[in-house]
Amino acid sequence: MNPEIAAINERVKEESCFVETLTQEISKVIVGQRYMVDRLLIGLLADGHILLEGVPGLAKTLTVNTLARCLRAQFRRIQFTPDLLPADLIGTMIFNQKEGVFTPRKGPIFAHIVLADEVNRAPAKVQSALLEAMQERQVTIGDDTYPLEAPFLVMATQNPIEQEGTYPLPEAQVDRFMLKLKITYPDKREERQILDLMAGHQPPEAQPVVTPQDILRARATVESIYIDDKIKDYIVNLVFASRYPDQYNLNLKDFIEYGASPRASIYLAKAAKAHAFLRRRGHVIPDDVKAVGMDVLRHRVIITYEAEAEEMTAEDVVRKIFDQVEVP
Amino acid sequence: MKRGCFVWIALALMAVPRSEGRVNRFDDFRLPIPDKISLVPVGSAGATTPSAPVQRFAGGSDGTTSGLQTPKAGVMTRAGAVEPALETIAAPSTPAPASATGEPPGAPATVSVERRLNEAPEQRRMGATFTYIVTVRWQGDLDVSAPASPELSGLEWINSQTRDRIEGGRVSRECVFTLRPVAEGPASIGVTRLYYTDRATKQQSSIEAPGMQIDVLPAPRDYRPLARNAGLALLGIVLAAGTALVVLRLVRRAPEPPAEAPRSPLDDLAAASDGLGVLLVQGEAREFFSRLARLIRELLEATGQPEAARQTTGQIRERLAAVEPARADAARILELLEACDAVRFAGHVPSREECESVLRDWKALIHEARTPQPQQTQPTQA
């Protein structure tokens, strides 16, 4: 094997040891939802924010809370409401009467992991403040700019039902989330385990097993994971198939309003590397791309009214793309 | 094909001869014109009495035709030329009394005769009938008898009709003889003699129409049997052509001779495997494994996994486990795929021996896939 890639493989195996410990600790609290936990870790390792969508009661908030607790990281939860102001999120200048000066008061966004609960219930200006912080990883309060301490991960949730009185996120802002997860109901066996676990007098609590420094080291290792040119070409083909489906023998031209952005290609590669890291591999294979492809692309492919009339969703389009584009 | 049939049918119709009485040509509309007309004034040298011998008039060399009052006589041919008259016309020597036709008494009685053949010479053929018409015209109180049948040579009499009519104070009696040739070649119609009596003087005289020679042509060739045969022949040709077309189509649809059996995808894969060895000789290890990965997916497509080309190794593994758990070569296929992935995606640099081993495994896999598996028999209970 190529010595460099062999070295990467070795390093990945060393650095990824915490993954199993972390998932076991999370599984003490969260029953099932392995898909959601894996994607949260991918976002954490690839430095990408995550948008979770699911009906109430699927342990979205609990999972994020448990992850933050396991990481020994600063965790803030912000419940987005229609009367929320940007200052409530990022902070504001407070006048100090004793000293006679304005001093900054940092908002809840200054944390390692921020849970923006029901992000679509806040007005656009609050959403913009959050998304700007997500992108720039810094916050300006008054005349001063404050960087956000790494690791900084925003996990926003939104409810697909009860759309009255909400402010749906614009496509441009949704694009800033690396992954959009669709959380589904647990199966029957998991539901029974949840009942046994949570119906007791003392619900279990997760303990910190990983430090933020471990995550930062792991991020460096993830970035070094080898990705072959064939895999890169495959990623580019997938993204281009969403823009020019005719070139890939896909009969989707009438159903796609806008294809995926270049940011999708970047996030696909990053997420695929993180997925390979979770599988303790130092190189990316097409399975990694396919595993994360739906979560990276589903909110980046904008479908047309014709597609909606045909009851076709963006996920259907992405699924067809992955089924049609030849793997290397 | 249809156009050819129409041409053949048209040619057959053109070959059918014109039937008798059928109007096919403009010539058939020609009015019957007497071959020769002779006009002689009564009392001239041509008229005879029973006491006087019949004289034949041979004049008319000046070429003019004449009416009843024309002193000279001649013969006007159908073409308009004047030939010497062959007829003899006799006239009474005494003035005739007033006749029933309103002629004033004392006007000289005149008798004229003409004969003609109604059909054109080319119609006088064996088997066909033609009419010989003798017309007698007279003026005055005369009692004209019906003409006797002429003597015939080479012809036979079929029937005869006589009809009279009055034309401008003159009486015209037309005797129509229907004759039929009995032999080819020259035939003749003899002299037709008529007798008439002057009612006033009771004097009997005669006038005769000279005979004529005709040439009987051979019987017209009957093309109808030929046409019928041609029609049958044409029908046969059409049927034969149709049969030939059907047979030709059947022959074309017939399966190709089994000399060259169609190649199966597995045969193509086996042939493509030879190209893999060339890549190894050239030292193209990465290309070797890339092509091998494609061939493995083609093998899977040929043996029940149509989506293999768009599936990753992990997906293929899941499918083999879920759909074909008993597949004998599943483990070896996955082993080869993982070897390919290691080279293609993990930067693994294979040794020469490793490549050759992989190639041997692949060829063995293809060989087994091409070899028909024997039917497994269920063990029978004793």
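Naming: A, B, ... by sequence-line order, numbering from 1 per chain. Owing to the predicted nature of the structure, the values given are computational and were not obtained by experimental measurement.
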message: At a 4.5 Å cut-off on heavy atoms, which part of B/Gln315 comes close to chain A: side chain, backbone, both, or neither?
response: both
field: Proximal component of B/Arg286, with respect to chain A [non-hydrogen, under 4.5 Å]
entry: side chain
field: Interface moiety of A/Asp323 toward chain B, non-hydrogen atoms closer than 4.5 Å
entry: backbone
message: Testing A/Asp295, A/Val236, A/Ile231, A/Val292 one by one against A/Leu268 for a side-chain contact (heavy atoms from CB on, under 4.5 Å), which residue passes?
response: A/Val292
Pair [X] + [Y]: basic N to acidic O under 4.0 Å:
{"X": "A/Lys230", "Y": "A/Asp233", "answer": "no"}
{"X": "A/Glu223", "Y": "A/Arg219", "answer": "no"}
{"X": "A/Asp229", "Y": "B/Arg344", "answer": "no"}

Closest-packed option against chain B by number of heavy-atom pairs under 4.5 Å, given A/Asp287, A/Val284, A/Asp228: A/Asp287
